[in-house]
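The structure appears right after this line, and notes come after that.
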Amino acid sequence: MMNSEEARHLTETVPGGVPIKMWTRGVPVEEAAKRQLANAARLPIVFKHIAAMPDVHLGIGATVGSVIPTLRAIIPAAVGVDIGCGMMAAKTTLRAEDLPDNLAPLRAAIERAVPHGRSPGARDPGAWQKTPGAVNTAWAQLEPEFKELCRDYPKLAKTNHLNHLGTLGSGNHFIEVCLDEQGAVWFMLHSGSRGVGNAIGTMFIELAKQDALRNNAKLPDRDLAYFEEGARYFGDYVRAVGWAQKFAALNREVMMRRVIEAAKTVIHKNFQSHIEAVNCHHNYVQKERHFGEEVYVTRKGAVSAKAGQLGIIPGSMGARSYIVRGKGHADSFESCSHGAGRVMSRGDAKRSFTLAQHRAATEGVECRKDKDVLDETPAAYKDIDAVMAAQAELVDIVHTLKQVVCIKG
DNA sequence: ATGTAC
């Protein structure tokens with residue numbers, strides 16, 4: 001007979017590897033994602049077990065929605081290229097009834113205040129034409145360490161680092177205005193370290209692969225190449241990834257400030273923000289203590305959920321999002337999911353859904369309703385309620401947020 | 001996710 005702990009998550013054994021603990025009861029998990037988790041479980045550097053969150057799905061090298069603890073080594077592809085990607089949310093003193101009936105001008109004001117969208121070359125709509133003061137102030141905190149990184153890796157200097165600080169990006173990055181269960185207005189956003197973090201991630205992933213090839217390392221997947229403590233590049237990677245994580249957190253802070261300033265130009269009632277604020281990564285690595293050991297914990301699409309710690313779990317653009325409080329569950333390495341998780345690829349989603357379905361699914365949300373956003377339609381994601389139920393032993397729900405405005409790049 | 005190359 002199973003005890004109550006076992007009843008809430010599943011453990012899969014992996015021949016020749018550590019076990020996989022999965023908080024996925026009642027949510028679909030692709031076989032390909034399970035095979036990918038098993039690959040990581042077979043690495044000699046993995047500590048104790050791998051934890052899979054209920055939003056788990058196939059990624060490059062490592063699975064999105066997983067927590068990979070490693071001893072004296074880091075897998076750069078497990079962290080990925082959007083280093084420090086995460087969420088920020090801020091509660092305000094505004095009430096639902098303080099918002100105008102027509103939300104289009106609020107959406108437009110936010111879109112003007114924060115550059116968004118992909119960078120198609122010289123004329124970059126996703127970058128600043130002229131960096132505002134808040135960006136220059138934030139950059140001052142990042143610049144000294146960046147200059148050191150550029151001394152060792154000159155190609156980083158060619159990235160659009162300064163003009164992308166405080167900008168949204170594209171894909172699943174977004175800005176939202178939400179209402180909580182008591183009618184309070186929140187601002188929420190999702191973004192990462194933009195082009196410069198991508199350049200750092202890509203460069204070190206490639207260096208790790210080259211190292212593995214040179215050393216004839218036995219790997220279940222080349223994308224799982226890792227740096228060991230003391231080896232060439234390990235220290236540089238730790239430094240660079242830490243810097244990109246700082247860039248990402250500041251990026252979100254700058255945007256949040258700009259969003260709130262923009263809202264004040266449209267909403268004429270005076271209000272306070274940051275009544276409750278959370279800024280959390282869900283794509284990152286850091287040293288932590290678990291089961292009595294110092295380990296590098298890589299959360300690839302997972303959020304830290306120490307006992308009492310607040311986190312953010314966004315649903316898709318038509319669903320709800322959650323502010324959660326961690327329960328510090330040891331076997332999850334004190335983690336929870338980072339969202340609902342995709343159920344199909346972007347291409348499949350664009351082929352599977354119609355604009356009419358998307359309009360129905362996002363009714364009442366002031367957001368994009370064009371065919372190019374179909375890959376982000378709610379039906380392309382897992383049911384957020386099932387995802388929350390599957391991780392009830394990892395987090396408590398503190399606030400339930402429903403979006404009324406959603407901006408995507 | 002991003003920026004560059006095809």
Side-chain angles (χ1 to χ4, degrees), chain A residues 55 57-66 75-88 114-129 146 149-150 153-175 189-207 223 240-241 243-252 255 280-285 298-303 314 316-317 338-342 344-350 368 372-377 380-381 406-409:
Chain A
D55 56 345
H57 62 96
L58 201 66
I60 296 170
T63 323
V64 179
S66 69
I75 310 159
V79 180
V81 295
D82 196 359
I83 299 167
C85 184
M87 298 287 308
M88 181 165 181
V114 180
H116 53 285
R118 238 165 79 116
S119 312
R123 283 206 196 132
D124 186 347
W128 296 107
Q129 302 308 308
F146 186 67
L149 284 171
C150 290
Y153 301 94
K155 66 173 149 183
L156 296 179
K158 296 193 180 80
T159 59
N160 204 355
H161 41 83
L162 177 57
N163 288 333
H164 277 173
L165 181 57
T167 71
L168 186 64
S170 64
N172 58 9
H173 290 171
F174 64 78
I175 301 170
L189 55 90
H190 175 212
S191 186
S193 52
R194 307 288 281 104
V196 64
N198 191 300
I200 288 170
T202 306
M203 180 176 70
F204 282 101
I205 288 167
E206 190 50 38
L207 288 170
D223 283 329
V241 84
W243 181 85
Q245 287 167 192
K246 207 193 297 181
F247 183 105
L250 280 167
N251 183 36
R252 291 190 291 270
M255 273 189 278
C280 58
H281 299 314
H282 54 222
N283 244 11
Y284 71 114
V285 61
T298 298
R299 294 193 178 87
K300 187 185 183 73
V303 177
S316 58
M317 63 197 290
H338 82 311
R342 299 195 72 86
M344 64 182 81
S345 69
R346 293 185 180 278
D348 284 346
K350 286 195 177 182
R368 280 176 59 187
D372 290 336
V373 81
L374 280 178
D375 53 346
E376 286 289 319
T377 199
Y381 285 87
C406 175
I407 289 126
K408 278 187 183 279

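Model, not experiment: these values are computed from the prediction. Values below: every heavy atom of this structure, side chains too, minus hydrogens, waters and symmetry copies.
With rounding to whole Å, A/His161 atom NE2 is found 12 Å from B/dG3 atom P. Atoms CZ (A/Phe247) and P (B/dA1) sit 16 Å apart, rounded to a whole Å. In this structure, CD1 of A/Ile60 is placed 13 Å from P of B/dT2, rounded to the nearest angstrom. Atom NE2 in A/His338 sits about 9 Å away from atom P in B/dA1, given to the nearest Å. Atom-to-atom, CG of A/Asn283 to C1' of B/dT2 comes out at 14 Å; the value is rounded to the nearest Å. The distance between atom CD1 of A/Ile83 and atom C1' of B/dT2, rounded to the nearest whole Å, is 12 Å. Across the protein-nucleic acid pair, A/Lys155 atom NZ and B/dG3 atom P stand 15 Å apart, rounded to whole Å. Counting to the nearest Å, the P atom of B/dT2 and the CD1 atom of A/Ile200 are 14 Å from each other.
Taking every heavy atom of both residues into account, A/Gly126 and A/His164 meet most closely at O-CD2, 3.6 Å.
Relative ring orientation between A/His338 and A/His282 is described as perpendicular, the plane-to-plane angle rising above 60° on a 0-90° scale split at 30° and 60°.
Counting heavy-atom neighbours within 6.0 Å of A/Leu207 CG, excluding the residue itself, gives a total above 12.
A close approach under 4.0 Å does not occur between any side-chain nitrogen or oxygen of A/Thr202 and OP1 or OP2 of B/dT2. Taking 4.0 angstrom as the limit, A/His164 places none of its side-chain polar atoms (N or O) nearer than this to OP1 or OP2 of B/dT2. Applying the 4.0 Å criterion to OP1 and OP2 of B/dA1, one finds that A/Arg194 has every side-chain N and O outside that range. Phosphate contact (OP1/OP2 of B/dA1, side-chain N/O of A/Asn172, threshold under 4.0 Å): present.
Applying the ring-ring contact (aromatic ring centres under 6.0 Å, His included) test to A/His116 and every residue at least two apart in sequence or in another chain returns nothing.
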